[in-house]
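Reading through the structure tokens given below for one structure.
Remember, it's 1-based here, ligands and their atoms both numbered in the order they're listed. Here the structure is a predicted model, which means the values were calculated and not measured.
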Amino acid sequence: MVKVALALASLFALTFAKPHAKRDLRLHERRDDVPDGFTNNGPASGDTPLRLRIALKQNNIEGLQDALMDVSTPTSANYGQHLTLEEVNAFVSPKPETVAAVDAWLSENGLTAKTLSPSGDWLGFQTTVSEANELFGADFSTFTHDETGETAVRTLAYSIPASLQGHLDLVHPTITFPNPLASKKPASFTPRRFRAPSNLSSDATAPASCNTAVTPTCVQDLYGIPLTPATQSTNQLAVSGFIDQFANQADLKTFLTSFRKDLPSSTTFTLQTLDGGSNPQSQSEAGIEADLDTQFTIGLATKVPTVFISVGNNFQDGALEGFLDIINFLLGESAPPQVLTTSYGQNENTISRSLANTLCNAYAQLGARGTSILFASGDGGVSGSQSASCRTFVPTFPSGCPFMTSVGATQNVNPEVAADFSSGGFSNFFGTPSYQTTAKSTFLTKLGNTNSGKFNTSGRGFPDVAALGVDVEIVFQGETGTVDGTSCASPIFASVVSLLNDQLVAAGKPVLGFLNPFLYSTGASALNDITSGSNPGCNTNGFTATAGWDPVTGLGTPNFAKLLTAVGL
Ligand SMILES: *[C@@H]1O[C@H](CO)[C@@H](O)[C@H](O)[C@H]1NC(C)=O
Ligand SMILES: *[C@@H]1O[C@H](CO)[C@@H](O)[C@H](O)[C@H]1NC(C)=O
């Protein structure tokens, strides 16, 4: 009797706990194979905890994108009329029926979700592998990265209930794999080498030549960047930091003492943290990338209030979730920074299309608020974020996203030429934005059949602009040395934009916000067009820099005086 009762009771419980075991699941996303470098070690243990996040369909993302273009296009009547937090949310918050459908599904399954974004379009919840397999008809397995031994629990496909179709954009992390090499090195856009040839004391005098040691003075001279201090306290420049790259105050002080003797050596950055981020100051914890990014903003954007944003590792998917979290964090601020520079990224083919799309739309939202978003384009020429073997060209993310500004690298000062590692090419995910149509077709016409079949002619081309990125002098763990990379170029270009914004604010004008519609129109002639050098990779010579826009150095490097005129000052 007892036994029967128990059996019945558990059967009962089973039926009730999983009322939708045979629910109508529809395949939502899949990838064809395990990404290169990973091995599938079979099903993950059912009790493995999983923290999943889901993206709810935004009510009118096309409307937001139109609004972004409207406030960012110089000829538009609404140019510079950036949106408020509430105005952005009105476009991107999910519709009530979406919220209702998702809420019903969550409660049906006994899940409690936390809101992860200011508009409520991202939710997160805690589950286990066996529960997630059931919820999403998935097969969460353990994958090992061959080179690093790191493991990740992922599924090659997942489904969603029919009732959530049209309401749910994606579940993460599922088919997008982590990027373990990025977290082993300071960044995938790491300075390629760091050498400490001399002590600061011997380097403290002016450098012999800007061709072999790029100091702030070299950059100021080449681009005509003023040394006069900025005056506007509301105009902020933000530098993102990920993967335990910490910005060291003592290194910054030594750098300023050496290279900006006109500035108080106490000039520094403020700190914001999220996802458990921190910024410890012991010398051994200083990071090359973070030191470079803070030194070449504070050392160039004279007296522009600069904030280092340290994103911690309180999530499951390395830099990608950090990328999303930092934007949602800034979107939640009533006054986000006017410029954000990021020297991290990865190959586009490592990210699912829908995740790439969602991140790209997050940049559109922050751009609509008036933030100029700049990213380093990558250091592998046409082969991706880092030099790698390849048969077809590898675009980088987020450079393929049309709602941010991608910065490539140059070298030498006379003449300034393309750096051979400067990543550039064409996205496989994002089509050509209208602001780029003419520039891109002019380039492709000149290119003819070169590299035909190696890249997607319909994709958004990158980078948009460039700046110096070879033999750039920084102070790292107390020593002076040089670094290479588009990592150098993004903070340099961001500093120029911040100084322009300072003067715009002082003149009572709006800041520049999303830059590309300006850069590809009135801004183009205010840039130094780089017309030689190339970015080889994948056993080809890559693309060659040429007059006009090209996928090596974009439209060119800044000319501050001309830019002032172009922005109407
Ligand atoms: C470097 O600096 C250290 C201490 O500051 C000093 O002992 C050493 O002699 C210096 N080396 C060179 C090559 O100048
Ligand atoms: C080429 O790029 C477009 C975006 O413009 C994309 O829709 C298409 O899928 C890409 N083709 C390939 C083969 O990746």
Checklist outcome for this item: In this structure, CG of L527 is separated from CG of N559 (nearest 0.5 Å) by 8.0 Å
Checklist entry - For residues S385 and Q346, is any side-chain donor paired with an opposing acceptor at under 3.5 Å? => result no
Item to check | Backbone N/O of C538 and side chain of S383: donor-acceptor pair under 3.5 Å | outcome: no
Next on the checklist: Give me the residue, atom name and distance of the protein heavy atom closest to atom 6 (C) of ligand 2.
Outcome noted: N428 O, 3.3 Å
Item to check | Atom pair CZ/OG1 of F136 and T155 - distance to nearest 0.5 Å | outcome: 11.0 Å
Item to check | Closest protein heavy atom (residue, atom, distance) for atom 7 (O) of ligand 2 | outcome: R353 NH1, 3.9 Å
Item to check | E321 and R53 ion-paired at < 4.0 Å | outcome: yes
Checklist entry - So is E348 in contact with ligand 2, going by heavy-atom distances below 4.0 Å? => result no
Next on the checklist: For atom 13 (C) of ligand 2, which of the options N456, T457, T392, T432 provides the nearest non-hydrogen atom?
Outcome noted: N456
Checklist entry - Counting from 1, what ligand 2 atoms have a heavy atom of G431 closer than 4.0 Å? => result 4 (C), 5 (O)
